[in-house]
2 protein chains.
Amino acid sequence: MKPEAKAVEPASYSISELAREFGITTRAIRFYEDKGLIAPARRGQTRIYSPEDRVRLKLILRGKRLGFSLDESRAIIDMYDPAHGNVEQLQRLLLHIEQKRAQLEQQLRDIQSLMGELDEAEARARASLKQNSEN
Amino acid sequence: MKPEAKAVEPASYSISELAREFGITTRAIRFYEDKGLIAPARRGQTRIYSPEDRVRLKLILRGKRLGFSLDESRAIIDMYDPAHGNVEQLQRLLLHIEQKRAQLEQQLRDIQSLMGELDEAEARARASLKQNSEN
DNA sequence: GCAAGAGTTTACGTTAACGTAAACGTCAAC
DNA sequence: GTTGACGTTTACGTTAACGTAAACTCTTGC
């Protein structure tokens, strides 16, 4: 067995550590907690974040990059929990997954076209620059 | 020459026609105009939208689906205009294009991982359902 | 033993993107 | 000639996602 293959992952983080790492403010992190997206442990009244909490934060930020609201991100994150026991809930979950998938596919198409158009826009700009330099 | 190959495209649209077509309110469309994203013609004080205006609206909504702000969408739309004469502007445009491209690539990666995770979540949910049905 | 630094709660402020409502104009239809 | 249907401007309201500030606590170095 290898002694230490991976970089040592801290057992816990402070709020400011996470804020620094992800380029957000501590205020934002506490706000996510208020909205029920994270629930860090406490030592006294100080928040202590586990590696799992860190992952949740990462997921929230990924959601933001995709234009999701915090509510949507929470819904997505909840899909990972095995806490969904009853059949009805699971059915709803599956439905929700399908909706998300459809939305992501639309975003994919949107990105494809936008990228293509960026290519054209770049070409036009470069052509225009060349024109200018020839005068 | 073919007489009428494509469906006839109306020469102009009313505000409510566009609202209906895109599933938004007329209020939103006027708001976009306030923000300088569209500038329809007027007959008297009634707005008349050209096919080009319609395209702009489409681009705005695509931007929204990708989580862009109206300002960002305006910036993107402006990339299509050949109105950028001077060299400095063109340089800035190219820079802007590169930034957008980077952002889109990040979104692509985000979507890829999310889709993968949706697959797993679906599998877990289905497995859980099967469990329940076997009791 | 106390000042500095990090963390906490509480609360009011701010921005973007519209919603909603009021009050009015215009035009075809009945 | 009035009643809708559609359009207009003006203005205040609302929600999400934090920012900012005040006032307090806790720990740690010196």
Side-chain angles (χ1 to χ4, degrees), chain A residues 10-50 53-54 56-78 100 103 107 110, chain B residues 10-50 53-54 56-78 100 103 107 110:
Chain A
S12 71
Y13 311 82
S14 79
I15 192 169
S16 49
E17 275 170 7
L18 289 183
R20 223 171 305 124
E21 172 174 1
F22 293 115
I24 58 181
T25 67
T26 63
R27 176 69 181 85
I29 299 181
R30 287 195 207 95
F31 182 77
Y32 299 152
E33 182 176 348
D34 267 17
K35 291 303 159 107
L37 287 156
I38 326 182
R42 299 271 182 147
R43 192 180 52 200
Q45 70 172 4
T46 307
R47 277 162 252 248
I48 310 218
Y49 295 86
S50 70
D53 290 329
R54 210 191 76 130
R56 293 180 77 90
L57 233 185
K58 243 185 179 165
L59 294 177
I60 296 170
L61 299 179
R62 187 181 67 186
K64 288 198 61 179
R65 285 197 301 269
L66 291 175
F68 294 160
S69 73
L70 291 184
D71 270 5
E72 286 182 305
S73 286
R74 191 202 357 245
I76 292 173
I77 293 177
D78 285 350
K100 272 298 153 214
Q103 185 185 345
Q107 290 202 18
D110 288 337
Chain B
S12 70
Y13 311 82
S14 78
I15 193 170
S16 49
E17 275 170 6
L18 289 183
R20 223 172 303 125
E21 173 174 0
F22 293 117
I24 57 182
T25 67
T26 63
R27 177 68 181 86
I29 298 182
R30 287 195 207 95
F31 181 76
Y32 300 151
E33 182 176 348
D34 268 17
K35 292 302 157 111
L37 288 155
I38 326 182
R42 299 270 183 148
R43 192 180 51 201
Q45 69 171 3
T46 306
R47 277 161 252 248
I48 311 219
Y49 295 85
S50 70
D53 290 330
R54 210 192 76 130
R56 293 180 76 88
L57 233 185
K58 244 184 178 166
L59 293 177
I60 297 170
L61 298 179
R62 187 181 67 186
K64 288 198 59 179
R65 287 197 300 270
L66 291 174
F68 294 161
S69 74
L70 292 183
D71 271 4
E72 285 183 304
S73 285
R74 189 201 0 242
I76 292 174
I77 293 177
D78 285 349
K100 272 298 153 213
Q103 184 185 346
Q107 290 202 19
D110 288 338

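We name chains A, B, ... by the order of the sequence lines, and we start the count at 1 in each one.
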Just verifying a value: how many Å separate Asp110(B) CG and Arg62(A) CZ, rounded to the nearest 0.5 Å?
6.5 Å
Using only side-chain N and O atoms of [X], determine if any of them is under 4.0 Å from OP1 or OP2 of [N].
X: Tyr32(A); N: dA17(D); answer: no
X: Lys35(A); N: dA16(D); answer: no
X: Arg47(B); N: dT8(D); answer: yes

To the nearest Å, how far apart are [X] [atom1] and [N] [atom2]?
X: Leu57(B); N: dA17(C); atom1: CG; atom2: C1'; value: 15 Å
X: Asp71(A); N: dA16(D); atom1: CG; atom2: P; value: 7 Å
X: Phe31(A); N: dA11(C); atom1: CZ; atom2: P; value: 16 Å
X: Glu72(B); N: dA16(C); atom1: CD; atom2: C1'; value: 12 Å
X: Arg43(A); N: dT27(D); atom1: CZ; atom2: P; value: 9 Å
X: Arg74(B); N: dA17(C); atom1: CZ; atom2: C1'; value: 13 Å
X: Ile60(A); N: dC18(D); atom1: CD1; atom2: C1'; value: 13 Å
X: Tyr13(B); N: dG7(D); atom1: OH; atom2: P; value: 15 Å

Which nucleotide in the set [options] lies at the smallest distance from any side-chain heavy atom of [X]?
X: Arg30(B); options: dA17(D), dT8(D), dG7(C); value: dT8(D)
X: Ser16(A); options: dG7(C), dG19(C), dC18(D); value: dG7(C)
X: Arg27(A); options: dG7(C), dG19(D), dG19(C); value: dG19(D)
X: Ala28(A); options: dC18(C), dT9(D), dC18(D); value: dC18(D)
X: Ile15(B); options: dT8(D), dC18(D), dG7(C); value: dT8(D)

Does a side-chain heavy-atom distance below 4.5 Å link Ile77(B) with Ile60(B)?
yes
pair Ile29(A)-Phe22(A): side-chain heavy atoms closer than 4.5 Å:
no
Reckon [X] touches a base, only the sugar-phosphate, or nothing at all at heavy-atom distances under 4.0 Å?
X: Thr25(A); answer: sugar-phosphate
X: Ser14(B); answer: sugar-phosphate
X: Arg42(B); answer: sugar-phosphate
X: Phe68(A); answer: nothing

N/O donor-acceptor pair under 3.5 Å between Asp78(B) side chain and Ala75(B) backbone:
no
Using a strict cut-off of less than 4.0 Å between a Lys/Arg side-chain nitrogen and an Asp/Glu carboxylate oxygen, indicate whether Asp53(A) and Arg56(A) qualify as a salt bridge.
no
